[in-house]
Amino acid sequence: MSQTLYVYQSLARATREHGVETMFGLMGDANLFMVDSFVRDCGGRFVPAAHEGSSVLMALAYAHVSGRVGVATVTHGPALTNCMTALTEAARAHIPLVILAGDTPVDNPRHLQSIDQRELAKATGAGFEQLRSPATVGKDVARAFYRAQVERRPVVLNMPVEFMLQEVAHDMQVLDVFTAPGGVAQGDILDNAIGMIAAARQPLILAGAGAVGAREQLIKLADRLEAPLATTLKAKGLFTGHPYNIDIFGTLSTPAAYDLIARADCIICFGTALHDFTTDRGKLMKDKRIIQIER
């Protein structure tokens, strides 16, 4: 059954209906009523920041640790420009975030804080969703969360300030997200990978941020293969305390770890993009067999 609410209340409730318990942000005139409703009416938790970019970075860290969509909120204009570096980081790291960003009134293009927020978001690599009207709040929020999860990047939901005090019939709108793996290795690909691991004399296991939820499984594999365990910088500490742990793989490796990596003949990689810093511009992968498993 639908319920009549103000738009700011509908936005807060729609966010909570997506399982969001914690919101990070900095309040301004375009989002303060929504934040208050999220806490007061929906039982959510708001973590304030001293800078808008910090609120996005906190949401990014929350998403990293929890495996859920991170949510941050800022007001319009300069508030969103302050988020550009953090949004770029989240986009390049493929972190699902929803940024609830206020916007200046649609009918006042000469507003002092009016900027093209769509183009700004696009420049960072983030997605952009427009709150089209008070009547579409539920659908627009649902689409922002859906895109953040499917596209694995931040999505800015643009909220014109003049909508906030308009009344709307609230209906719950949550889109199903298909989260099963997009492809599973089989046939010759799988057989070749198993063969490479079985034939390796000095295999090594490398885990990135995408594998932080598989610690125990990777340790079992390392114990079975008697293989060293290494991580990328973002997954540092994942294998702390295990006797096979050699810590960071890459340009920040210790000299002893770097020598051990150089002697390995097969690197089994989980949840890492293998960029230049991890591979030392390819030097650490030279003359080795590489098996890369993504989530």
Side-chain angles (χ1 to χ4, degrees), residues 53 56-67 69-70 83-97 121-127 148-155 181-185 189 192-193 196-197 200 202-215 217-218 221-222 227-240 244-295:
V56 176
L57 291 175
M58 287 194 289
L60 184 156
Y62 176 88
H64 253 312
V65 173
S66 68
V69 178
C83 298
M84 287 193 70
T85 300
L87 284 173
T88 303
E89 165 68 14
R92 294 196 174 190
H94 305 290
I95 303 299
L97 303 179
K122 287 169 59 180
T124 69
Q149 293 171 85
V150 171
E151 298 173 16
R152 298 201 62 78
R153 63 171 173 162
V155 174
V184 178
I189 294 176
N192 289 339
M196 289 180 191
I197 295 172
Q202 291 183 289
L204 184 147
I205 294 171
L206 169 61
V212 294
R215 181 180 189 274
Q217 294 90 330
L218 295 181
L221 178 61
L229 288 159
T231 72
T232 62
L233 179 60
K234 286 189 174 181
K236 178 177 171 59
L238 182 62
F239 302 120
T240 296
Y244 294 167
N245 178 40
I246 65 170
D247 206 28
I248 296 178
F249 184 112
T251 55
L252 295 178
S253 295
T254 64
Y258 198 97
D259 290 342
L260 184 60
I261 294 166
R263 293 197 300 270
D265 60 354
C266 180
I267 311 294
I268 312 167
C269 311
F270 295 85
T272 173
L274 299 180
H275 56 60
D276 282 353
F277 293 113
T278 297
T279 65
D280 195 4
R281 296 185 179 274
K283 294 177 184 176
L284 289 174
M285 300 302 184
K286 187 177 181 180
D287 299 326
K288 304 183 193 316
R289 292 180 172 180
I290 310 299
I291 299 167
Q292 189 171 14
I293 298 102
E294 292 289 352
R295 57 179 175 175

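You'll find the side chain of L274 reaches within 4.5 Å of the side chain of C269, heavy atoms only. Side-chain contact between I197 and L221 is absent, with no heavy-atom pair separated by less than 4.5 Å.
Across A63 and G70, no two heavy atoms sit closer than the pair CB-N, 3.8 Å. When all heavy atoms are compared, the tightest approach of A148 to V155 is N-CG2, 3.7 Å. Nearest heavy atom pair, residue A91 against residue A126, reads CB-N, 4.2 Å. The heavy-atom pair separating G53 from A86 by the smallest distance is O-CB, 3.6 Å. Nearest heavy-atom pair, A235 versus A207, reported as atom, atom and distance to 0.1 Å: CB-O, 3.7 Å.
Separating the CD1 atom in I267 from the CE atom in M196 is a distance of 13.0 Å, to the nearest 0.5 Å. L97 CG to Q149 CD: the interatomic distance, rounded to the nearest 0.5 Å, is 11.5 Å. Put simply, NZ on K236 and CD1 on I248 are 4.5 Å apart, with the number rounded to the nearest 0.5 Å. Distance check, rounded to the nearest 0.5 Å: CD1 of I261 to OG1 of T254 gives 8.0 Å. We find the CD1-CZ distance between I95 and R153 to be 14.0 Å, quoted to the nearest 0.5 Å.
For Y62, the ring-ring contact (aromatic ring centres under 6.0 Å, His included) criterion is met by F24, not counting sequence neighbours. For the side chain to side chain contact (heavy atoms under 4.5 Å, CB included) test, residues two or more places apart in sequence or in another chain that qualify with R215 are I219, L238, F239. Applying the side chain to side chain contact (heavy atoms under 4.5 Å, CB included) test to A230 and every residue at least two apart in sequence or in another chain returns L204, L206, I246, F249. Partners of K288 under the salt bridge (Lys or Arg N to Asp or Glu O under 4.0 Å) rule, at least two apart in sequence or in another chain, do not exist in this structure. Take T85 and apply the side chain to side chain contact (heavy atoms under 4.5 Å, CB included) test, not counting sequence neighbours, and it matches no residue. With sequence neighbours excluded, no residue forms a side chain to side chain donor-acceptor pair (under 3.5 Å) with R289. Remark: Q217 pairs with no residue by the side chain to side chain donor-acceptor pair (under 3.5 Å) rule, at least two apart or across chains.
Side-chain atoms of T231 never come within 3.5 Å of backbone atoms of G208 as a donor-acceptor pair (strictly under, hydrogens ignored).
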Residues 277-286 side chain polar contacts: donor-acceptor under 3.5 Å, at least two apart:
| unit_1 | atom_1 | unit_2 | atom_2 | d |
| --- | --- | --- | --- | --- |
| T279 | OG1 | H275 | O | 3.1 |
| T279 | OG1 | G282 | N | 3.0 |
| D280 | OD2 | Y258 | OH | 2.6 |

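Note on residues 259-272: no pairs pass side-chain hydrogen bond (donor to acceptor under 3.5 Å, both in side chains), not counting sequence neighbours.
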